[in-house]
**Student:** 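Sharing a structure, written as structure tokens. Questions coming.
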Protein chains: 2
Amino acid sequence: MSRTDTTRRGSRQSRAGIRDVAAAAGVSITTVSDALNGKGRLPDATRRHVREVAERLGYRPSAAARTLRTGKSGLIGLTVTTYGDEPFTFTEFAYFAEMARAATSAALARGYALVILPATSRHDVWSNVALDGTVVIDPSDHDPVVTELVRQGLPVVSDGRPAGTLPVTAWVDNDHEAAVLELLDHLAAAGARRIGLLTGTTTDTYTRLSTTAYLHWCERVGQDPVYESYPAHDPCAGAVAADRLLARPDRPDAVYGLFDPNGTDLLAAARRYGLRVPEDLLLVCCSESTVYAATEPPITTLSLKPRRIGTAVIQLLIDAIEGIDTGRPVEQVIPTELIIRTSSQRRPPRTTVSAPRSPAGD
Amino acid sequence: MSRTDTTRRGSRQSRAGIRDVAAAAGVSITTVSDALNGKGRLPDATRRHVREVAERLGYRPSAAARTLRTGKSGLIGLTVTTYGDEPFTFTEFAYFAEMARAATSAALARGYALVILPATSRHDVWSNVALDGTVVIDPSDHDPVVTELVRQGLPVVSDGRPAGTLPVTAWVDNDHEAAVLELLDHLAAAGARRIGLLTGTTTDTYTRLSTTAYLHWCERVGQDPVYESYPAHDPCAGAVAADRLLARPDRPDAVYGLFDPNGTDLLAAARRYGLRVPEDLLLVCCSESTVYAATEPPITTLSLKPRRIGTAVIQLLIDAIEGIDTGRPVEQVIPTELIIRTSSQRRPPRTTVSAPRSPAGD
DNA sequence: CCCGGCAGCAGGCACGTTTCTGCATGATCA
DNA sequence: TGATCATGCAGAAACGTGCCTGCTGCCGGG
């Protein structure tokens, strides 16, 4: 009857462990573990008793010990490409915030938590956290972090179609080419004769695909490309580039801005040059921000649906972690949504203030 | 000579452990651990040799085992109050994004990573991750999560002065009363006779302190309070409340909006009622968004300096975790910055387009 | 010659959990 | 009645590190 096996280092120190609960409840460690985890075959009386004692002692199982034993930590890394030393990207602020929010929510619903990690391959931080998998936002061509992770056998799901032969487990992305083509067609249908583009100098997938789609469209309809590039991580450079674009001799009568703040930048530049929107200049920008619903005039935006992307990425990753092979494809394309407002309609709606929405609901 | 102690389960499976490195290098486990962690007394030759073998085997120490042994995980929880089931708050989007970005950056610089966790006391997620400490954004009066965490002996630092007797380790906040008073004085100096407030129905510290400061100011200068409240997590309700405020018979000639989207909402409402800004209506809102620099007209904003708050919170927390007693006060007040633009100046600047900035540089 | 001291390393325990295996005990059935 | 079986629980082996203890040579001084 050696159940009171108190051969520990004397006094009752630090947190209560599973041993303390077992001793206090008069059962074995196995019984406590089974009772709390709903496993084994125990009568309800024992189960209740153990849970009650554990609650009374304020017992919390050690996450580290559980992770060590089971090999699963319940943690998912969230990596964002970084320009400069800040861990987040500047340009797609609202996009990232919404995507991360949806991903966090979806992960929590399945019992996982997200860990924010830098895209730099500083090993000291990466190897100090036990991950079950990783979400990578817009990885570069031969991302060293991704290759290192898959070499360790960790599942990696990327937001953004991986370029080259990046060996990700799965990916989710929009069809950026199709979105740009649809958008340009919309502008042309509204009467645009020369459509300009405000784009970035970075080589990430989004910028590259969108720009080439624009060039292809120009070639198809026989329009000379009119675009200005700027380093997208610099918010001031955007305003300058918008100004440059409208100051050109071959000034466009419609502009699409690839990045979130381009809408207000272009609007301000148009005012400086005395251009009325949408009469003299049609405007569309890619943004998740709701401010464009209340600007003067409201600006048509292309939404990349970050919420759906974040959710899809997490579902794919957790499915891979838990080894459940759902029928879900490992390459998912999320449709974009063109939210049409006054700035891209030559004849604004007369009766109502609220702008019409795209027929594609959600 | 039993160094080739390969009594493991047969084949070379999964990742290489410290045992494998020891066997391959012909040394003991202790020597490997000391060599990699820079401890013990080893000649440089041995140290180099061990590191080389570890690199060749692709050895990565198990974070779970290390955490179990040392009791430190290098993980910091980041908790945000939630309205509804989404883990983030809607209203202070840019504030949260900037604050989290700065906090992540500061934590990474000191070897820590951030884990996003919900404010709900669902234990299954909280107890599944080993935390060294937690950052709590704007905790409620008797936050059950906070009390539970400090009961476990974890340091907790809050963004936002804790109300009541919430036992946090340290906190960082703005002086919201002073900021509101300064702002109202600024509006009064610009000629405002009746200043209205757009506030929230929630009972968090920020909303409460700002509202009471407004009421005190009204009492002091002998003005009847004119304010509208709305549930701040609902973005549509903000536009409606802004409309309500300007539709009142005692319509204010200046408005301060407590939340980020209030600026565009109020601007849109002013247009609907034919009010010119700033001639007929002065406008200020609390926001971190840069869009208000390019609206028509540019809107004066109150910045809460989320970057400085995020950095300060992390420094205080890691100091507490590591037990280093710096001279830093455990209650820090970060000054706000009033970025004065056209919308709050009855006589807008004539010559230049760019608005003057507050003399308090940063 | 003997002994203290030190460099260089190995043995082994502990961290707290999960889980496989196995031993009693009572019930059921041929 | 004895064999079979389900039930209820305990023992103990891992999981992979970190670190305390201690062992072996070797050198120098008395």
Side-chain angles (χ1 to χ4, degrees), chain A residues 1-5 7-10 13-23 25-50 54 57-74 127-130 152, chain B residues 1-5 7-10 13-23 25-50 54 57-74 127-130 152:
Chain A
M1 205 83 79
S2 65
R3 67 171 49 154
T4 56
D5 187 8
T7 52
R8 301 191 68 188
R9 289 202 296 279
Q13 59 185 0
S14 73
R15 301 219 319 251
I18 199 175
R19 263 191 309 267
D20 306 316
V21 178
V27 295
S28 77
I29 294 179
T30 305
T31 305
V32 175
S33 177
D34 285 347
L36 296 182
N37 294 343
K39 300 190 175 179
R41 9 170 231 214
L42 300 176
D44 284 350
T46 308
R47 222 175 273 273
R48 268 198 309 272
H49 175 57
V50 169
L57 294 186
Y59 167 70
R60 296 273 168 269
S62 155
R66 173 174 296 172
T67 300
L68 176 60
R69 182 59 230 246
T70 61
K72 302 245 154 284
S73 67
S127 65
N128 256 333
V129 43
Q152 291 181 28
Chain B
M1 202 85 79
S2 64
R3 66 172 50 155
T4 55
D5 187 7
T7 52
R8 301 190 68 187
R9 288 202 296 277
Q13 58 185 359
S14 73
R15 302 220 319 251
I18 198 174
R19 263 192 309 266
D20 307 315
V21 178
V27 294
S28 76
I29 292 179
T30 306
T31 304
V32 175
S33 176
D34 285 347
L36 296 181
N37 295 342
K39 299 190 176 179
R41 16 172 222 210
L42 301 176
D44 284 350
T46 308
R47 220 175 275 274
R48 269 198 309 272
H49 175 57
V50 169
L57 296 186
Y59 167 70
R60 297 271 169 269
S62 156
R66 173 174 293 173
T67 300
L68 176 60
R69 184 60 234 250
T70 61
K72 301 246 155 284
S73 67
S127 64
N128 255 333
V129 43
Q152 290 181 27

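So that the names make sense, note that chain A is the first sequence line, chain B the second, and so on, each numbered from 1. Values below: all heavy atoms of this structure, side chains included; hydrogens, waters and symmetry mates excluded. Owing to the predicted nature of the structure, the values given are computational and were not obtained by experimental measurement.
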**Student:** To the nearest Å, give me how far apart CG (A/Leu42) and P (D/dA6) are.
**Tutor:** 17 Å
**Student:** Find the distance A/Asn128:CG to D/dT17:P and express it as a whole number of Å.
**Tutor:** 12 Å
**Student:** If every non-hydrogen atom of B/Tyr59 is compared with every non-hydrogen atom of B/Leu36, which pair is closest and at what distance?
**Tutor:** CE2-CD1, 3.4 Å
**Student:** Between the base of C/dT19 and the side chain of A/Ser33, is there any donor-acceptor pair under 3.5 Å?
**Tutor:** no
**Student:** Report yes if a side-chain nitrogen or oxygen of B/Arg66 is closer than 4.0 Å to either non-bridging phosphate oxygen (OP1 or OP2) of D/dG18; otherwise report no.
**Tutor:** yes
**Student:** Could you tell me the separation between the NE2 atom of B/His49 and the C1' atom of C/dG8, rounded to a whole number of Å?
**Tutor:** 15 Å
**Student:** Would you say A/Ser62 reaches C/dC15's phosphate, i.e. side-chain N/O to OP1/OP2 under 4.0 Å?
**Tutor:** no
**Student:** Show me the donor-acceptor pairs within less than 3.5 Å that the side chains of residues 25-34 of chain A make with the rest of the protein, sequence neighbours left out.
**Tutor:**
from: A/Ser28; atom 1: OG; to: A/Thr30; atom 2: N; distance (Å): 3.3
from: A/Ser28; atom 1: OG; to: A/Thr31; atom 2: N; distance (Å): 3.3
from: A/Ser28; atom 1: OG; to: A/Thr31; atom 2: OG1; distance (Å): 3.2

**Student:** Of A/Ile29 and B/Asp34, whose closest DNA chain C nucleotide lies nearer the 5' terminus?
**Tutor:** B/Asp34
**Student:** Output the single nucleotide from D/dC9, C/dC9, C/dA14 whose closest atom is nearest the side chain of B/Thr46.
**Tutor:** C/dC9
**Student:** May I have the distance from A/Asp20 (atom CG) to C/dG16 (atom P), rounded to whole angstrom?
**Tutor:** 9 Å
**Student:** Rounding to a whole Å, what distance do you find between A/Leu68:CG and D/dG18:C1'?
**Tutor:** 13 Å
**Student:** Please tabulate, for side-chain N and O atoms in residues 62-70 of chain B, each donor-acceptor pair with protein atoms closer than 3.5 Å (sequence neighbours left out).
**Tutor:**
from: B/Ser62; atom 1: OG; to: B/Ala64; atom 2: N; distance (Å): 3.4
from: B/Ser62; atom 1: OG; to: B/Ala65; atom 2: N; distance (Å): 3.1
from: B/Arg66; atom 1: NH1; to: A/Asn128; atom 2: OD1; distance (Å): 3.2
from: B/Thr67; atom 1: OG1; to: B/Ala63; atom 2: O; distance (Å): 2.8
from: B/Thr70; atom 1: OG1; to: B/Arg66; atom 2: O; distance (Å): 2.7
from: B/Thr70; atom 1: OG1; to: B/Lys72; atom 2: N; distance (Å): 3.3
from: B/Thr70; atom 1: OG1; to: B/Lys72; atom 2: O; distance (Å): 3.4

**Student:** Tell me: CZ of B/Arg19 to P of C/dG11, nearest whole Å?
**Tutor:** 13 Å
**Student:** Among C/dA10, D/dT17, C/dT19, which is the nearest nucleotide to the side chain of B/Ile18?
**Tutor:** D/dT17
**Student:** Has the side chain of B/Thr30 got a donor or acceptor atom sitting under 3.5 Å from an opposite partner on the base of D/dG18?
**Tutor:** no
**Student:** Kindly say if B/Lys39 contacts the phosphate of D/dG18, meaning a side-chain N or O under 4.0 Å from OP1 or OP2.
**Tutor:** no
**Student:** Show which side-chain atoms of residues 38-45 of chain B pair as donor or acceptor with protein atoms under 3.5 Å away, not counting sequence neighbours.
**Tutor:**
none

**Student:** In whole Å, I'd like the distance from the NZ atom of B/Lys72 to the C1' atom of C/dC15.
**Tutor:** 14 Å
**Student:** Reading nucleotides 22-27 of chain C 5' to 3', which nucleotides get B (base under 4.0 Å from a protein heavy atom), which S (sugar-phosphate only), which -?
**Tutor:** ------
**Student:** Rounded to whole Å, how long is the line connecting atom CG of A/Leu36 with atom P of C/dT19?
**Tutor:** 13 Å
**Student:** Verify the contact: side-chain N or O of A/Thr70 to OP1 or OP2 of C/dT17, cut-off strictly under 4.0 Å; return yes or no.
**Tutor:** no
**Student:** When you compare the protein's N or O atoms with those of nucleotides 25-27 of chain D, which come within less than 3.5 Å of each other, and at what distance?
**Tutor:**
none

